[in-house]
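Chain identifiers are assigned alphabetically (A, B, ...) following the order of the sequence lines, protein sequences preceding nucleic acid strands; residue numbering begins at 1 within each chain.
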Amino acid sequence: MNRGLFSVLNERQKFANFLRFCSKSLLLDQGMQVHGALVKMGFGFDLMLSNDLIVMYGKCGRLGVACDVFDRMLERNVVSWTALMCGHIQNGNPLESLLLFSKMALSGVKPNDFTFSTNLKACGLLNGLYIGRQVHDTCVKTGFDTVNVVGNSIIDMYSKCGRINEAASMFEVLPVRNLISWNAMIAGYTVAGFCKKALVLFRKMQEGEEFLDEFTFTSTLKACSDLGAIKEGNQIHAFLITGGFLYSVNTAIACALIDLYVKCGELFMARRVFSHIEEKHVISWTALILGYAQEGNLEESMDLFRQLRESSIQVDGFILSSMMGVFADFALVQQGKQMHAFAIKVPFGVDISKLKKEAGCSWVEIAKEIHFFYGGDDMHPLTEKIHEILKEMERRMKEELGYVYRVKYALHDVEEESKMENLRVHSEKLAIGLALVCGGLEEERKVIRVFKNLRVCGDCHEFIKGLSKILKIAFVVRDANRFHRFEDGLCSCGDYW
DNA sequence: CACCTGGTGC
């Protein structure tokens, strides 16, 4: 090879490397300068360099220029097509990516594993189960479904299309599972609401040889948050600290942690994590601000929102509309307080959600296990003891506080004498009963934490107020709308919810 | 050469 040709090839490789660096670091200006230089030097029609240009322009948000480069090419290979498809997806147009896929097929260029995973991503983004299945089918026929990256994309495609079972069976048959396969499956379970399954998978992952990364933790923390599994979440928090995963600099982990503590009614811990973040993302602000609002602490919520507005952080439409909701609630509460006299006559607090089709369900975490209860549920092996302790609590409350049931909250289609029984077996009460029987008190916090899928019933609300008084412990009840923190006979919601 | 995975809420 003569020196001249060698230096030309060397030059070409230097351009390519620099372009890839520009793509990675989103350096549009520098990328454009390289583009100009290589056109001048006669590299304008070079296949590899043109591909790199498409990638660079796509990543930097200049899809029009990427398309121009693509259109002017004398020949295009699978990389050119795939790079442009990715560009469309990255710029928010997955449909165009799918159209390109069919154009590519017509042009006679054969797709590879990268093309398939890109297309599966587009299907997932579009919620396109039908076309996703077709792509999956083609992958099977061409043998690409056994390629790890493609398999991962199939898992993600099915879970994005709401087909968690199909995602799971893909995960099962994957010949090689890597970190991303596990992460995709855990995220899939979490998004689909199968948080317990997500946690089971996470534990399996910990037991195995697999590494864990920030994606694993964010998804798993989200699962803990949705479940209210604070013990498990705490362990992950501790693991993050000992494992050197600094959430002070990792936005996603910090947000997930704040969300966990907020959803468990631990605003103090949420605030602590928040204060440790170096660059506070608008999402972490949102989580904390709404957390305070949902706990009934409107003052702190408003104050934080004011701080956010005074900071240099750009607020988004999401937090603005959320704050509208907070202001609306605040106004309602103010009105509600003025209307207190009426509230006694008006069936205030009648639980409209008990009329809904959805069955009331409560749960509580005891020794890292989540126990679920439905209203009138006697499936739990400790049911008898639960009833005993609840009766005991009623007796003490009557004696010490003169508490009697407000029977009006009971279901209406039952015999009068059995209304007391109905009230006793509301799911939130059963969950609390179990916590009392099993010592579900979180010793370090002196709190019992219960979750309910519907609004907490007015009678149970009174009952828990009483419990917090006579037992001298706090209760945190997260219902469908908000938090109730009961302490010393009072609730943070001020009885308006 | 490129491709896959994550966070706030209603």
Side-chain angles (χ1 to χ4, degrees), chain A residues 12-13 15-17 19-20 23-24 46-56 58-59 77-87 89-90 97 111-122 124-125 144 147-157 159-160 174 177-188 190-191 212-223 225-226 247 250-260 262-263 270 274 277 280-291 293-294 315-326 328 480-482:
Chain A
R12 178 173 171 270
Q13 192 58 47
F15 276 126
N17 290 341
L19 275 175
R20 282 163 217 168
S23 303
K24 250 192 192 169
D46 184 282
L47 179 62
M48 182 182 77
L49 288 172
S50 300
N51 286 344
D52 286 325
L53 279 173
I54 295 174
V55 174
M56 187 274 293
K59 284 234 198 307
N77 64 6
V78 62
V79 178
S80 331
W81 287 93
T82 310
L84 194 60
M85 288 177 200
C86 292
I89 292 177
Q90 281 152 3
S97 162
N112 64 10
D113 42 353
F114 293 95
T115 325
F116 280 119
S117 52
T118 305
N119 269 279
L120 286 159
K121 186 180 169 73
L125 289 171
F144 280 111
V147 177
N148 175 261
V149 173
V150 178
N152 293 344
S153 307
I154 294 172
I155 293 176
D156 188 54
M157 182 275 291
S159 68
K160 290 252 186 339
L174 272 192
R177 284 180 207 158
N178 66 0
L179 177 60
I180 292 171
S181 326
W182 288 88
N183 286 348
M185 203 56 231
I186 290 177
T190 305
V191 170
L212 313 172
D213 71 358
E214 66 260 42
F215 292 98
T216 324
F217 292 119
T218 44
S219 294
T220 310
L221 282 169
K222 176 76 181 142
S225 158
D226 285 351
Y247 54 81
N250 187 311
T251 309
I253 291 185
C255 290
L257 266 178
I258 291 172
D259 178 50
L260 167 79
V262 160
K263 290 281 170 59
F274 181 78
I277 310 176
K280 295 170 175 54
H281 192 278
V282 66
I283 291 172
S284 54
W285 282 93
T286 312
L288 198 61
I289 289 172
L290 293 181
Q294 284 162 354
V315 294
D316 60 8
F318 189 85
I319 188 162
L320 288 179
S321 64
S322 300
M323 285 318 283
M324 298 280 278
V326 171
N481 295 333
R482 57 175 304 125

| message | Under a 3.5 Å distance rule, please check whether A:N17 uses its side chain to pair with a backbone N or O of A:R20 as donor and acceptor. | response | no
| Between A:N51 and A:N77, does any side-chain donor sit less than 3.5 Å from a side-chain acceptor? | yes
| message | For the base of B:dG6 and the side-chain ring of A:F215, does the geometry meet a stacking cutoff of under 5.5 Å between centres and under 30° between planes? | response | no
| request: Begin with the C-alpha distance, continue with both residues' side-chain angles, and end with the deciding distance and a verdict on side-chain contact (heavy atoms from CB on, under 4.5 Å) for A:I283 and A:I258. | output: CA-CA 10 Å; A:I283 291 172; A:I258 291 172; over 6 Å; no
| message | Using the side-chain heavy atoms of A:S219, tell me which of these nucleotides is nearest: B:dG6, B:dC4, B:dC1. | response | B:dG6
| A:I258 CD1 - B:dG7 P separation (whole Å) | 15 Å
| query | Which nucleotide in the list B:dG7, B:dG6, B:dA2 gets nearest to the side chain of A:C255? | reply | B:dG7
| query | With a 4.0 Å cut-off on heavy atoms, is A:Q13 in touch with a base, just the backbone sugar-phosphate, or nothing at all? | reply | nothing
| Does any donor-acceptor pair link the side chain of A:N51 with the base of B:dA2 at a separation under 3.5 Å? | no
| task | Identify the heavy atoms of A:L49 and A:A16 that sit nearest to each other, and give their distance. | result | CD2-N, 3.6 Å
| message | Under 3.5 Å, is there a donor on one side chain and an acceptor on the other for A:S153 and A:D156? | response | no
| message | Without decimals, in angstroms, what is the distance between A:L47 CG and B:dC1 P? | response | 13 Å
| request: Answer with base, sugar-phosphate or nothing: what part of the nucleic acid does A:K24 contact at a heavy-atom distance below 4.0 Å? | output: nothing
| Contact under 4.0 Å: A:K59 side-chain N or O vs B:dC1 OP1/OP2 | no
| field | Spacing of A:F318 atom CZ relative to B:dG7 atom C1', expressed in whole Å | value | 12 Å
| message | If I take atom CG in residue A:N250 and atom P in nucleotide B:dT8, what distance separates them, rounded to the nearest angstrom? | response | 13 Å
| message | Side chain of A:F114, heavy atoms from C-beta onward: which of B:dT8, B:dC3, B:dC1 has the nearest atom to it? | response | B:dC3
| Quick one: is A:Q294 getting a side-chain N or O under 4.0 Å of the B:dG9 phosphate, OP1 or OP2? | no
| field | Selected nucleotide, minimal atom distance to A:D259 side chain, candidates B:dG9, B:dC4, B:dG7 | value | B:dG9
| task | May I have the distance from A:M323 (atom CE) to B:dG9 (atom P), rounded to whole angstrom? | result | 14 Å
| Side-chain N or O of A:K121 closer than 4.0 Å to phosphate OP1/OP2 of B:dT5 | yes
| query | Nearest of B:dG9, B:dC3, B:dG6 to any side-chain atom of A:L290? | reply | B:dG9
| Base, sugar-phosphate alone, or nothing: which one does A:A187 contact when heavy atoms must sit under 4.0 Å apart? | sugar-phosphate
| query | Is any side-chain nitrogen or oxygen of A:K160 closer than 4.0 Å to OP1 or OP2 of B:dG6? | reply | yes
| message | Under 4.0 Å, counting only non-hydrogen atoms across every strand here, what does A:N77 touch: a base, just sugar-phosphate, or nothing? | response | base
| task | Give A:N112 one of three labels, base, sugar-phosphate or nothing, depending on what nucleic acid heavy atoms sit under 4.0 Å from its own. | result | base
| task | Side chain of A:T286 only, please: which of B:dT8, B:dG6, B:dC3 is the nearest? | result | B:dT8
| message | Heavy atoms from C-beta onward define the side chain here; which of B:dG7, B:dC1, B:dT5 lies closest to that of A:R20? | response | B:dC1
| task | Using a heavy-atom cut-off of under 4.0 Å over every strand shown, decide if A:T218 touches base, sugar-phosphate, or nothing. | result | sugar-phosphate
| request: Quickly work out the A:W182 CH2 to B:dG6 P distance and round it to whole Å. | output: 17 Å
| remark: OG (A:S284) and CG (A:D259) are apart, to the nearest 0.5 Å, by 11.0 Å
| Within this structure, what is the CG-to-P distance between A:L260 and B:dG9, rounded to whole angstrom? | 12 Å
| task | Would you mind classifying the nucleic acid contact of A:S322 as base, sugar-phosphate or nothing, using non-hydrogen atoms under 4.0 angstrom? | result | nothing
| message | Which label fits A:F274 and A:W285: parallel for a plane angle under 30°, tilted from 30 to 60°, or perpendicular past 60°? | response | perpendicular
| Between C1' of B:dT5 and CG of A:L120, the distance in whole Å | 14 Å
